[in-house]
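Structure first, commentary second.
Any value given below was found using the heavy atoms of this structure, including those in side chains, with hydrogens, waters and symmetry copies removed.
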Amino acid sequence: MKKILGIILGLVLLQNICIAETGVSFVYINGSNNNDDKMRNWYINGVEKLHPVMKKKFEKNKEIKTVFLNKPQYKINEKPVIFFWGDKSQKDLQFVQNQLDISKALSPTIAYKVRSMLAAYLHDAIWVQKQHNMLPILDDLNDTVISEANKGNKTVLYGYSAGTFITYEYMFNKLRYINPENLFNTISVSDDVRQFVKEHPIGNTCISALSKAQIGVVSDSGHLVFRNVDKDLETSYLKLKDATETACAPENSLTGVVNFASPLVLFYSDLADPEYELNYYNKLMMKYIIEKGLFFITVNYREDPLGFPSSKNLTIDEIEKAADIEIANPKGFVYDNSSVWSKRSFIFAHTSYWSSKRTFANAVVKAFTNGYRLQYDEKFQQKILKSNKKKIKFEMI
């Protein structure tokens with residue numbers, strides 16, 4: 001009898017261990033010029049070769065073990081999750097190519113080839129930025145994140161090239177960094193609305209939920225435009241709770257983002273404009289990332305002509321001053337590593353992150369290590385700050 005009870009107890013404990021185990025899924029998002037089957041297969045094959053190397057490098061790193069894999073039940077899943085959106089732009093690209101075919105007989109060969117090359121490499125990057133194309137992709141990506149969360153998996157998003165637009169827009173639209181009460185205190189609404197919101201508190205929400213609840217939308221000019229919520233406030237505001245659960249990323253589901261071969265700064269340069277209203281929400285997003293313990297890494301090869309540094313590497317104190325925000329109990333970090341030698345020609349560097357997978361994986365892990373230490377290792381931080389002062393002094397001479 002004791003033996004049987006011991007077996008039953010062992011099975012129960014084993015079941016509890018299995019339930020407690022949490023996986024980490026790396027979700028890889030493609031870039032431009034991956035429309036046809038040939039390029040799609042090229043991308044998928046590249047990911048499948050890269051992922052085991054990336055997984056191994058993450059698991060061996062001391063800082064990552066301490067911060068990212070600090071619980072024994074966390075493990076990086078064996079199989080990569082591939083989020084592919086290139087086929088969605090195929091119809092529009094085919095139209096452009098048909099127009100190019102018409103111009104072939106009318107243009108010099110060199111001009112025609114330059115047009116063809118620009119169409120192939122830039123069409124998708126421009127196409128995906130348009131809001132009516134981007135938003136359905138973000139919803140599909142969120143379905144993937146929700147699906148992984150339902151399996152007990154956290155996610156890390158890897159955005160390649162134009163895929164970095166998607167990772168940025170996903171965080172901007174889907175992360176729950178908006179406090180509804182604070183939001184209604186900053187926009188033009190009646191005192192009755194503010195009182196109603198105060199009496200009916202709900203948790204943090206996201207930009208997508210505001211749209212789904214028909215409270216506000218982001219306009220093409222970069223403004224968050226609100227409806228006249230005084231008119232049917234109860235209907236709109238109380239919808240927000242349900243919309244948050246379906247339109248926002250599940251709380252604590254996203255662990256971090258790795259952008260690489262990133263032209264994000266080139267295509268989103270309006271974020272530098274202090275008059276651009278959405279910068280206010282970008283600051284809230286940055287605050288959320290750091291306070292919630294997320295990491296946001298950018299890795300580019302030096303030789304990559306489309307790899308633009310995303311930002312200077314600042315300490316949290318410097319971020320607070322530059323963005324005019326207060327960050328409480330920081331745990332996450334943002335870091336750029338755009339000084340990686342790929343040892344490839346600039347012609348091929350943008351597509352060589354897969355073939356030079358060990359160099360790339362090492363660069364991501366180094367970015368994680370240095371990004372974390374810059375914020376939370378005082379000796380390392382002081383060393384970097386002193387080095388930066390020497391560089392500034394040298395540049396002024």
Side-chain angles (χ1 to χ4, degrees), residues 24 26-29 31 46-47 50-70 76 80 154-161 163-168 170-171 254-265 285-286 289-290 292-304 306-316 318-319 330-344 349-350 352-354 356-377 379-381 383-385 387-388 391:
V24 180
F26 286 1
V27 180
Y28 296 87
I29 304 167
V47 169
L50 168 66
H51 179 69
V53 178
M54 190 69 70
K55 177 179 183 293
K56 187 175 181 181
K57 296 291 184 183
F58 261 70
E59 290 170 340
K60 282 189 171 183
N61 183 264
K62 182 176 69 175
E63 278 77 18
I64 293 177
K65 281 182 179 179
T66 302
V67 181
F68 180 58
L69 301 174
N70 60 346
I76 300 171
K154 295 179 178 292
T155 52
V156 176
L157 303 181
Y158 280 77
Y160 167 63
S161 190
T164 63
F165 307 165
I166 295 172
T167 60
Y168 162 72
Y170 182 80
M171 289 188 292
L254 183 66
T255 300
V257 169
V258 179
N259 281 346
F260 59 107
S262 173
L264 187 66
V265 169
M285 181 181 76
M286 178 72 70
I289 287 170
I290 295 174
K292 290 292 184 179
L294 278 67
F295 61 88
F296 182 20
I297 292 170
T298 301
V299 173
N300 295 310
Y301 286 155
R302 292 188 183 197
E303 303 93 334
D304 183 352
L306 291 176
F308 287 74
S310 60
S311 65
K312 292 181 180 179
N313 291 319
L314 304 176
T315 66
I316 288 170
E318 291 172 330
I319 292 172
K331 296 184 284 292
F333 62 92
V334 177
Y335 193 81
D336 181 279
N337 182 13
S338 295
S339 60
V340 186
W341 289 109
S342 69
K343 299 179 182 178
R344 299 292 195 278
H350 190 65
S352 68
Y353 293 81
W354 324 106
S356 57
K357 51 188 176 292
R358 287 179 178 79
T359 299
F360 174 48
N362 283 332
V364 172
V365 168
K366 183 179 179 181
F368 189 105
T369 301
N370 289 348
Y372 181 78
R373 292 180 68 195
L374 177 63
Q375 305 303 343
Y376 306 108
D377 182 333
K379 287 184 180 179
F380 183 81
Q381 184 182 101
K383 179 181 176 182
I384 296 300
L385 291 176
S387 176
N388 288 344
K391 287 179 184 177

Give a yes or no on this: more than 12 heavy atoms of other residues, nucleotides or ligands lie within 6.0 Å of atom CZ of Arg358. no
With sequence neighbours excluded, residues passing side chain to side chain donor-acceptor pair (under 3.5 Å) with Asn61: Thr369
In a check of side chain to side chain contact (heavy atoms under 4.5 Å, CB included) between Leu254 and each of Thr167, Leu294, Val156, which one passes? Leu294
Closest non-hydrogen atom pair between Asp336 and Pro309, with its separation: OD2-CA, 3.4 Å
Closest approach of Arg302 and Ser339, non-hydrogen atoms and distance? NE-O, 2.8 Å
All salt bridge (Lys or Arg N to Asp or Glu O under 4.0 Å) counterparts of Lys55, not counting sequence neighbours: Glu59, Glu78
With sequence neighbours left out, what residues match Arg373 under salt bridge (Lys or Arg N to Asp or Glu O under 4.0 Å)? Asp377
Tell me the closest heavy-atom pair linking Ala361 and Val53, and the distance in Å. CB-CG1, 3.9 Å
More than 12 foreign heavy atoms under 6.0 Å from NZ of Lys366: is that the case here? no
Nearest heavy-atom pair of Val265 and Phe308: which atoms, and what distance? CB-CB, 4.2 Å
Non-neighbouring partners of Asn370 that pass side chain to side chain donor-acceptor pair (under 3.5 Å), sequence neighbours left out: none
With sequence neighbours left out, write down each residue that passes ring pair (Phe, Tyr, Trp, His ring centres under 6.0 Å) with Phe333, or none if nothing qualifies. Phe368
Ser262 and Asn300 have their tightest heavy-atom pair at N-OD1, 2.8 Å
Are Tyr28 and Trp354 close enough that their ring centers fall under 6.0 Å? no
Grab the two heavy atoms, one from Val299 and one from Ala363, that are nearest each other, plus how far apart they are. CG1-CB, 3.8 Å
Short side-chain to backbone donor-acceptor contact, Glu303 and His350, under 3.5 Å: no
Side chain to side chain donor-acceptor pair (under 3.5 Å) partners of Ser356, counting only residues at least two apart: Tyr301
Can you classify the ring geometry of Phe26 versus His51 as parallel (below 30°), tilted (30 to 60°) or perpendicular (above 60°)? perpendicular
Looking only at atom types and distance, does a side-chain atom of Tyr160 sit under 3.5 Å from a main-chain N or O of Ala261, one as donor and one as acceptor? no
